[in-house]
Amino acid sequence: MCAAGTGLGGELSDDKKLRERVPLSFSFEWFDEVSSTNDVARQLAESGAAEGTVVVSKSQTAGRGRHSRRWFSPEGGLYFTLILRPQSPAAKAQLLAIAGALAVADAIELATLTSPQLKWPNDIYLLGEKVGGILTETQVSGEFVKLALLGIGVNVQRPDALVPGSLQQGAVWLSDIGRTAPDTKELLTAVLGSFTAWYQRLQSSDFATMRDAYNRRDLLIGKDLEVETRDGVVVGRSKGIDSRGALLVSDVSGATIAVTEGEVCSWS
Ligand code: BTN
């Protein structure tokens, strides 16, 4: 005899509803120059733009990064913001950016045959230097993320213009590692293709697969580090991320601390 099930016409479990979400479909808004693609995306989202709307610009006059830093955005880079309406638990919001970072790393790997690494929470590194970053801005309603603006920047063609002093060390462009830089539109297509798969895993609560993929690319795993958080500096050894996207740090006493926000300021 069959065990009791939902049966025809029965209510789907929440998990089943999540698994049956349709994949993302994209529509594009192209610009030559904007202040920040996140700003344009916000305006579009507030006027009802659908999930999957992608705002792409050749350059930005006020590109921004995490912690209110400037994101140098001359022509030749990839700058875009993806509008998402995930309705995923706010406690898992960090995983949206993690999905973005995994997608950028996959796309760079495909385009350059090199293996990018990830620095918590969502910086993309190549040959030990930063090649891309992600700025996620979310609107939460109750316990769910109602709107997420996933802003992605990748250094593609090293600019002829003077690179700001703060970037002269620690940043790398894809053109530095090959004879020609990948085409930005092809890179965008590859990022979005890979993101679709990671987003689907996120929506179907397959957090362990995301965690494992991240930890395989983790630049910091096993390293001694210092993380600046709102509550002070956490010092210890990185054990990778957990399935919420928190950084696990084992301190001198052997205790494991799960850091949910902050900036890794040094590692060795
Ligand atoms: C970081 O590493 O601090 C995040 C950088 C995010 C930059 C991208 S470029 C496209 C989008 N628009 C912005 O103003 N920022 C993000």
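Just so you know, ligand 1 is whichever comes first in the structure, and atom 1 is the first atom listed for that ligand. FYI, the numbering just counts along the sequence from 1. Remember, predicted model here, so these are calculated numbers, not experimental data. All values below come from the heavy atoms of this structure, side chains included, with hydrogens, waters and symmetry mates left out.
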- prompt: Any idea which heavy atoms bring Arg237 and Gly222 closest together, and the distance?
  reply: CD-O, 3.5 Å
- request: Could you point out which residue of Leu24, Leu147, Val145 forms a side chain to side chain contact (heavy atoms under 4.5 Å, CB included) with Leu84?
  value: Leu24
message: So if I count the atoms of ligand 1 from 1 in the order they appear, which ones are less than 4.0 Å from some heavy atom of Asn38?
response: 11 (C), 12 (N)
N/O donor-acceptor pair under 3.5 Å between Ser57 side chain and Gln60 backbone: no
- request: Work out whether the distance between some heavy atom of His67 and some atom of ligand 1 is less than 4.0 Å.
  value: no
message: I'd like to know if the side chain of Arg217 reaches the main chain of Pro116, judged simply by a donor and an acceptor atom lying under 3.5 Å from each other, with no hydrogens or angles considered.
response: yes
query: For ligand 1, which atoms have a heavy atom of Phe80 less than 4.0 angstrom away?
result: 10 (C)
field: Nearest neighbour in protein (non-hydrogen) for atom 5 (C) of ligand 1
entry: Trp71 CE3, 3.4 Å
field: Plane angle bin for Phe195 and Tyr199 - parallel if under 30°, tilted between 30 and 60°, otherwise perpendicular
entry: parallel
- prompt: Do side-chain atoms of Trp173 reach the backbone of Ala181 as a donor and acceptor pair under 3.5 angstrom?
  reply: no
field: Distance filter under 4.0 Å to Gly65 heavy atoms, resulting ligand 1 atoms
entry: 1 (C), 3 (O), 4 (C), 5 (C)
- prompt: Is Asp183 salt-bridged to Lys185, going by a charged N under 4.0 Å from an acidic O?
  reply: no
- request: Looking only at distances, please establish whether an N/O atom of ligand 1 is found under 3.5 Å from an N/O atom of Gln60.
  value: yes
- prompt: Which ligand 1 atoms, with their elements, are less than 4.0 angstrom from a heavy-atom of Asp123?
  reply: 2 (O)
Path from Leu118 to Phe207 over hydrophobic side-chain contacts below 4.5 Å: yes
Atom 2 (O) of ligand 1 - nearest protein heavy atom and its distance: Lys130 NZ, 2.6 Å
message: Just to confirm my output: which protein heavy-atom neighbour is closest to atom 15 (N) of ligand 1, and how far is it?
response: Arg64 O, 2.7 Å
- prompt: Any donor-acceptor pair under 3.5 Å linking the side chain of Arg230 with the backbone of Glu261?
  reply: no
Residue Gly63 vicinity, atoms of ligand 1 by number, heavy atom under 4.0 Å: 14 (O)
task: Ignoring angles and geometry beyond distance, decide whether Arg66 reaches within less than 3.5 Å of ligand 1 through its nitrogen or oxygen atoms.
output: yes
- prompt: Should one rank Ser36, Gly100, Gly77 by closest heavy-atom distance to atom 14 (O) of ligand 1, which comes out on top?
  reply: Ser36
- prompt: Got the closest protein heavy atom to atom 11 (C) of ligand 1, with its distance?
  reply: Thr37 OG1, 3.2 Å
- prompt: What part of Ile134, side chain from CB on, backbone N/CA/C/O, both or neither, has a heavy atom under 4.0 Å from ligand 1?
  reply: backbone
